[in-house]
Amino acid sequence: MYSDLSLDHFMQGLKKRNPGEREFHQAVYEVAESIIPYILDNPQYQHAAILQRMTEPDKTIQFRVVWEDDAGNIRVNRGYRVQFNNAIGPYKGGLRFHPSVNLSVLKFLGFEQTFKNSLTTLPMGAGKGGSDFNPKGKSEREVMRFCQSFMTELYHHIGANIDVPAGDIGVGAREISFLFGQYKRLTGEFTGVLTGKALEFGGSLIRTEATGYGCAYFMEHMLNNVGDSIKGKTCAVSGSGNVASYCTEKINHLGGKVVTLSDSGGTIHDPDGIDADKLAWTIDLKTNRRGRIAEYAEKFACDYHAGMRPWGIQCDLAFPCATQNELEDDDARALVANGCRAVAEGANMPTSVEAIKVLQAAKLIYGPGKASNAGGVAVSGLEMTQNSIRLAWSAEELEERLRNIMADIHRQCLRHADDDGYTNYVKGANIAGFVKVADAMLAYGVM
Ligand code: NDP
Ligand code: 2IT
């Protein structure tokens, strides 16, 4: 039945089964391009239709979320949880609250999570969820009422050994606290059902920093592999949320200089570098005052480019840390023309398919998000472990574990990355992530 496993034929079928889901098609294409040749060399996966099974979520839950705003209006949003694959552990992955959220976006994120979580070496399956709710401009009480209503349906489907959500865009410590409180109220149970919790109720040190730190570590590994390092490099970072902030912090620790940050309004360019004090101000701006990155330019007297991405600004290293498809082919060409040497993705799928081709053709070092941003979910896995053993590890111990996991992910990628002398981390990450999940699925038989 699956004798024709050409990329074109496979993608045609996938598009037919999932019409209009552009982001999901893109994420699958990126994987299928490197996995299909591997499957053809390892026919046990082809006979068992593993790729066909891995591209179909185990279960998709969609629900209505109704809440009342401060003016007494009844508001209706859509909530989702895509339980993608639990072959190697409970479903695990973030919740995103952003107006652009739809099933295609969550299926792409859940699919990517399958490979990422496998690469972490920890026993975690993959899921993703969220809502088209826009937290921007909402009061604290409105966010609370929304989270409580969202959890009133979601709680039926999750559990510490079933599905463990966490944060993503628009979902940080504040939202996780509201969600956890409501779960506890509804079930009467205090369990590690969410990660990214506050330290007072079962959260882990380093989880807040983990994605950004891990991304900088991954870049350092890719550079060390060619006898180089972050030290002394000029770095462009996009975004100014959780991942961008802590990626910047770790780049500073490793001796690099970050000259850009951005948000959906535009990009700031600070040629002197975003040092620890400026970064602390920015984190306060974004997490507590919920302001715009343009305010940074006023405060520290530097340039602000409204409506622009950072990629036209000269840099040695680029770290896209905002959202999907924020680095397109023209951006990639600008990076190449300006002498950029390497890209490590903090965001999920920030680089379009065409842009990846541009970077790879120019032989830039390119680390895909499923490897380079896996530090966040890895420390979520460590939060689950600490909740299970009812202990809390120190920051030093956790950072050491995070460092080791990122080194391990880099080693796993290298095992499958050789592409006629070019180190192709896309291929490396996809194959290494695939094998563990695929072998578990084979072992379970036909289901
Ligand atoms: P935050 O909500 O903390 O920050 C998101 C940042 O991205 C903000 O600066 C936001 O700007 C910007 N952004 C969001 N959407 C757009 C858009 N459409 N165009 C331009 N800028 C945009 O989210 P995180 O930092 O947690 O997440 C950033 C990325 O990292 C996402 O791709 C996420 O999936 C990924 N990721 C996150 C992990 C985590 O642990 N949090 C783990 C692994 C990956 P604005 O405020 O203007 O919207
Ligand atoms: O994309 C991601 O890996 C995350 N948003 C983190 C998921 C998690 O469960 O910590």
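The first residue in the sequence is number 1, and the count goes up from there. None of these values were measured; they are calculated from a predicted model. Whatever order the structure lists them in is the order used to number ligands and atoms, beginning at 1.
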Counting heavy atoms only, which of [options] comes nearest to [atom]?
| atom | options | result |
| --- | --- | --- |
| atom 3 (O) of ligand 1 | Asn242, Leu109, Leu261 | Asn242 |
| atom 21 (N) of ligand 1 | Pro99, Ser380, Ser264, Ser372 | Ser264 |
| atom 1 (O) of ligand 2 | Lys370, Met384, Lys128 | Lys128 |
| atom 44 (C) of ligand 1 | Asn348, Thr208, Thr323 | Asn348 |

Using a 4.0 Å heavy-atom cut-off, which part of [X] comes near ligand 1: side chain, backbone, both, or neither?
| X | value |
| --- | --- |
| Glu326 | neither |
| Met349 | neither |
| Thr211 | side chain |
| Ser262 | backbone |
| Arg96 | side chain |
| Ala166 | neither |

Give me the residue, atom name and distance of the protein heavy atom closest to [atom].
| atom | answer |
| --- | --- |
| atom 4 (O) of ligand 1 | Gly241 CA, 3.3 Å |
| atom 2 (C) of ligand 2 | Lys116 NZ, 3.3 Å |
| atom 9 (O) of ligand 2 | Lys92 NZ, 2.6 Å |
| atom 10 (O) of ligand 2 | Ser380 OG, 2.5 Å |
| atom 33 (C) of ligand 1 | Asp168 OD1, 3.2 Å |
| atom 48 (O) of ligand 1 | Lys136 NZ, 2.9 Å |
| atom 23 (O) of ligand 1 | Ile169 CA, 3.5 Å |
| atom 12 (C) of ligand 1 | Ala322 CB, 3.8 Å |

Counting only N and O atoms by type, is there a donor-acceptor contact under 3.5 Å from the side chain of [X] to the main-chain atoms of [Y]?
| X | Y | result |
| --- | --- | --- |
| Lys92 | Val164 | yes |
| Thr55 | Leu51 | yes |
| Asp69 | Ala71 | yes |
| Lys128 | Tyr80 | no |

Under 4.0 angstrom from ligand 2, any heavy atom of [X]?
| X | result |
| --- | --- |
| Gly167 | yes |
| Arg207 | yes |
| Arg96 | no |

Contact check, His98 vs ligand 1, heavy-atom distance below 4.0 Å: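 Yes, that is the case, since the closest heavy atom of the residue is under 4.0 Å from the ligand.
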Whether Arg309 lies under 4.0 Å from ligand 1, heavy atom: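 Arg309: no contact with ligand 1 (<4.0 Å).
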Residues Phe97, Phe146; criterion ring-ring contact (aromatic ring centres under 6.0 Å, His included); working and verdict: CA-CA 11 Å; Phe97 292 169; Phe146 175 80; 5.1 Å; yes
Within a distance under 4.0 Å of any heavy atom of [X], pick out the atoms of ligand 1 and give their elements.
| X | answer |
| --- | --- |
| Gly239 | 9 (O) |
| Ser240 | 9 (O) |
| Cys321 | 28 (C), 29 (C) |
| Gly346 | 30 (O), 35 (C), 36 (N), 44 (C) |
| Ala347 | 29 (C), 30 (O), 32 (O), 35 (C) |

Contact partition for Asn348 relative to ligand 2, non-hydrogen atoms under 4.0 Å: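 Only the side chain of Asn348 comes within reach of ligand 2.
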Around [X], counting heavy atoms of other residues, nucleotides and ligands shown, do more than 12 lie under 6.0 Å from its [atom1]?
| X | atom1 | answer |
| --- | --- | --- |
| Met11 | CE | yes |
| Lys436 | NZ | yes |
| Arg289 | CZ | yes |
| Arg17 | CZ | yes |
| Asn161 | CG | no |
| Arg22 | CZ | no |
| Arg174 | CZ | yes |

For the side chain to side chain donor-acceptor pair (under 3.5 Å) test, which of [options] pairs with [X]?
| X | options | answer |
| --- | --- | --- |
| Trp67 | Thr152, Asn77, Asn73 | Asn77 |
| Asn348 | Gln324, Lys370, Lys116 | Lys116 |
| Ser104 | Gln26, Glu23, Glu21, His25 | Glu23 |

Do ligand 1 and [X] have nitrogen or oxygen atoms that lie under 3.5 Å from each other?
| X | value |
| --- | --- |
| Gly170 | yes |
| Arg292 | yes |
| Asp263 | no |
| Lys116 | no |
| Val243 | yes |

Output the list of atoms in ligand 2 that are nearer than 4.0 Å to some heavy atom of [X], sorted by atom number.
| X | result |
| --- | --- |
| Gly94 | 7 (C) |
| Gly93 | 7 (C), 9 (O) |
| Ala166 | 8 (C), 9 (O), 10 (O) |

Heavy-atom protein contact below 4.0 Å for atom 10 (C) of ligand 1: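 Given the 4.0 Å cut-off, atom 10 (C) of ligand 1 does not count as touching protein heavy atoms.
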Separation of Arg401 CZ from Thr385 OG1 (nearest 0.5 Å):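 Reported to 0.5 Å precision, the distance equals 7.5 Å.
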4.5 Å side-chain heavy-atom contact, His156 and Ile61: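 In short, these two side chains do not touch, never coming nearer than 4.5 Å.
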Heavy-atom side-chain proximity of Thr208 to Asn242 below 4.5 angstrom: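 Touching, per the 4.5 Å side-chain cut-off.
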Within 45° cone and under 6.0 Å: Lys138 NZ/CZ vs Phe133 ring: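 Yes; both conditions hold, so Lys138 lies above the ring face of Phe133.
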Salt bridge (charged side-chain N to carboxylate O under 4.0 Å, His left out) partner of Arg309, the single match among Asp263, Asp331, Asp330: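 The residue from Asp263, Asp331, Asp330 that satisfies salt bridge (charged side-chain N to carboxylate O under 4.0 Å, His left out) with Arg309 turns out to be Asp331.
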